[in-house]
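Residue numbers start from 1 in every chain, and the chains themselves are labelled A, B, ... in the order their sequence lines are given, proteins ahead of strands. When reading the values below, keep in mind they use all heavy atoms of this one structure, side chains included, and skip hydrogens, waters and symmetry mates.
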2 protein chains.
Amino acid sequence: MTQSQQDEPKRHRARRSVKRKMRLADVARHAGVSEATASRAINRPELVRQEVRERVARVIQELSYVAHGAARALASDRTHSIGLIVPTLRTAVFAESAEILQQALNRSGYHLIIASSEYDKAREFHEVRALLQHGIDGMVLVGHDHAPELWQLLETSGLPFVTAFQYASDSPYPCIGVDNCQEFYDATRFLINLGHTNIGVLTAETHSNERLAARVEGARACIADHDLPKPDVIEVPSTLTDARQGLRRLVERKPHVTAVACTNDLMAFGALAECRTLGIEVPEQLSVIGFDDLDIAEHTQPSLTTIRLPLAEQSRRVGEYLLARIEGRDGASSTKLKASFIVRESTGRPPEPAKADAQRGGQDSGPVQTPSAKRRARSAAE
Amino acid sequence: MTQSQQDEPKRHRARRSVKRKMRLADVARHAGVSEATASRAINRPELVRQEVRERVARVIQELSYVAHGAARALASDRTHSIGLIVPTLRTAVFAESAEILQQALNRSGYHLIIASSEYDKAREFHEVRALLQHGIDGMVLVGHDHAPELWQLLETSGLPFVTAFQYASDSPYPCIGVDNCQEFYDATRFLINLGHTNIGVLTAETHSNERLAARVEGARACIADHDLPKPDVIEVPSTLTDARQGLRRLVERKPHVTAVACTNDLMAFGALAECRTLGIEVPEQLSVIGFDDLDIAEHTQPSLTTIRLPLAEQSRRVGEYLLARIEGRDGASSTKLKASFIVRESTGRPPEPAKADAQRGGQDSGPVQTPSAKRRARSAAE
DNA sequence: TTAATTTCTGCAAACGCTTTCATTCATTTG
DNA sequence: CAAATGAATGAAAGCGTTTGCAGAAATTAA
């Protein structure tokens, strides 16, 4: 029995693609080194003599060798992928964060695998299982409100993970994000400082959205702290149409409301749109604030006073933390980020009591954004 | 030398997590079958006796065994992940598509790995390489405009792939999407049918966005086909601020423009905002159409006439095609999808010549959206 | 009953890489 | 100059699955 020309081990099943893929063995052979050395030339170059290192690199080029991710993952127990589970990518804030995180990880040779839960805990748990099974080196979750099995699974798996978008000082797990309650408290105080005493809250459903719930809580707390009457809180499905209807209910039920704090920009846009329809002047008759600072916020009529999350920083820190954990170092865990308060045209002094009840304010009311208001705004942003 | 209690092979290096993970061998042992059978019970249940199948399933439950993705991938040459490269997730249309695709793949046990190119071909090529190396079973690209090396790489790798968001009858590769040129041609015809003879085009940069370029081309073609003078085409960076400026340039340079066809909703929103600022009544003095039908399109003042892509269908088909290819069947390749034309308030008849030059039209001009206009709109949508 | 199928199962060989350990070789050091 | 140290390399043992093949068991046919 003669030795075959190439001493390749014979495949015991057909490869999917016709042309045989180059393997590390091929690289090694062409470079005249062992597989071990070839591998090291790739992964730990400092362990290999420069001359050899270059030779291997050249051969890799020539053969256009591409390492086999799965084999590498199996041998090294590192998949170089990170899982991210967001409620939905349809929300700009999550999409943008995913994008930034993906870019950041990319620079470190990691990939981002995205799954969405649609605000459903069971579904989220299922996704975590699936990701775990697929093999990931780390995981990012949104917020703290998850199925108990999920926490347990994460813990027993020993997988590095972090939660984002909500800081909680009492969280037993690492989290990176703003304190939504605090931020909205400050925003509400901004309104109160402007002179508003009757503030309504318009929010999308808080049931499975702890961030929104925290914001509502912040508004409530601030209003209570200033000895003002408990605010009307209207909760509607997360669509513009519902937001408009919500605004209507708010002004109907409480004719005296002079400011509406919306827990996100979507709600605020709905409010603004409905005000236009109802002939309510913003901010002369009603002040409106949002949360998120979506691109359009600057271009609505009037432009929207809102709160901007430090998404880039959040994603950066999430990436850093995870990579640190993966590589054995352990980075600073929970981090509280600060949002920025953006004052635009949709907020101003409350109307004079006399005017408050008039359905349409006069056109003559001048600019309401007084210097002192601006100053207060700034302080609220800190 | 006595046999150790468990005949487990001893690990030659420390596992990352403390508690040993369950492996298929454990499942097999507990179920009293071989690894092979255990594996089959999981992957090809029809090959094992029901009784055994159930036993294995039970053991898996009890041990909370989770298969090792990398090992599985190495042995089966299937990673169960699909790569998607979009220009950016910051664009709602791409984010939404990614979301839908991810959900669809999920149901079939696949994961979606997302990367973004930022409209940069070199970067895109790099991402493809990275994904290929990571190991994916299929890939989705946006459009046809890619680096030549990318096509080559894809071809030699033999990876199933498909392009989306733009149908091209002459593409040598499978693509699934609408014909952007055709769709915008129809939209332009809608304006012409309303009586507009002087139509401006406002678009974001077309340099590395073939979809926008195709839309502009569609508008040009339609206008030429109707023997109207060549349109002014203003191209601006993709921000609302620039869009507003673009609108201004458009109405300044050509005072007679009575309609602006925007190649996406972002541009249209900018146009609408600027019209408000300039005191131009829409649609009385100027008609505006967009493309994408973003959520807010329905709630702008006036609401925006625009075009909606069949994103769900596109994603569904992309998923189906890829899975078919992966499993060896080959599904229908290129598919042309149809968008829907959504007529709202931002389009109407052009102003009477006398009024056309007046900077502010009378408030008294009634509803312009005549029944016949509506009828035409419908036909344009087919 | 035996032979011929068909259905299940187990053995063991991949899958393509990483990494431990031992070895070789070139340098230092005493 | 021998011994000790350090730097580079290679051999080979995994990593945890899947799957071709062959044999065993169960079923059917004759």
Nearest to the side chain of A/Val52, which nucleotide is it out of D/dT17, C/dC17, D/dT9?
D/dT9
If you find the nucleotide of DNA chain C closest to A/Arg44 and the one closest to B/Ser34, which residue's nucleotide is nearer the 5' end?
B/Ser34
Rounded to whole Å, please give me the gap between OH in B/Tyr65 and C1' in D/dG16.
7 Å
Donor-acceptor contact below 3.5 Å, side chain A/Thr79 vs main chain A/Ala73
no
Nearest whole Å is fine: how far is C/dT19 P from A/Arg78 CZ?
9 Å
For the residue pair B/Phe165 and B/Phe94, categorise the inter-ring angle as parallel (less than 30°), tilted (30 to 60°) or perpendicular (more than 60°).
perpendicular
Roughly how many Å is it from CG in A/Asn43 to P in C/dT20, rounded to a whole number?
13 Å
We want to know whether A/Gln103 and B/Ser116 form a side-chain donor-acceptor pair, criterion being a heavy-atom distance below 3.5 angstrom.
yes
Mind calculating the distance between CD (B/Glu54) and C1' (C/dC8) to the nearest angstrom?
16 Å
Test your reading of the model: is there a side-chain donor-acceptor pair from A/Ser39 to the backbone of A/Glu35, 3.5 Å cut-off?
no
Side chain of A/Val33 only, heavy atoms from C-beta on: which candidate in D/dG10, C/dT18, D/dT19 is closest?
D/dG10
Separation of D/dG16 atom C1' from B/Leu74 atom CG, nearest Å, is 9 Å
Quick one: is C/dC8 close enough that its OP1 or OP2 comes under 4.0 Å of any side-chain N or O from B/Arg40?
no
Just checking, any donor-acceptor pair under 3.5 angstrom between side chains of A/Glu124 and A/Tyr119?
no
On DNA chain C, nearest-nucleotide positions of B/Ala71 versus B/Leu47: which is more 5'?
B/Leu47
Which whole-number value in Å describes the distance from B/Arg29 CZ to D/dG16 P?
13 Å
Nearest listed nucleotide, side chain of A/His68, among D/dT18, C/dG16, C/dT18:
C/dG16
It should be established whether A/Ser39 places a side-chain nitrogen or oxygen under 4.0 Å from OP1 or OP2 of nucleotide C/dC17.
no
Do the charged groups of B/Arg49 and B/Glu54 touch, with an N to O distance under 4.0 Å?
no
Could you check how far CZ of A/Arg23 sits from P of C/dA14, rounded to whole Å?
11 Å
Would you call the rings of B/His111 and A/His134 parallel, tilted or perpendicular if under 30° counts as parallel and over 60° as perpendicular?
perpendicular
Write out a two-atom table: protein N or O, nucleotide N or O from nucleotides 23-25 of chain C, distance below 3.5 Å.
none

Can you label the angle between the B/Tyr173 ring and the B/Phe161 ring as parallel, tilted or perpendicular, going by 30° and 60°?
tilted
For the helix from C/dT1-D/dA30 to C/dG30-D/dC1, measure the angle between the helix axis at one end and the axis at the other, each built from five pairs, rounding to 10°.
40°
I'd like to know if the side chain of A/Thr91 pairs up with that of A/Thr88 as donor and acceptor (distance under 3.5 Å, no hydrogens or angles considered).
no
Between C/dG10, C/dT18, D/dT18, which nucleotide has the shortest distance from any of its atoms to the side chain of B/Thr37?
C/dG10
Quick check: closest heavy atoms across B/Ser81 and B/Tyr110, and the distance to 0.1 Å?
N-CD2, 3.9 Å
Output the rounded distance in Å from CZ (B/Arg49) to C1' (C/dT7).
10 Å
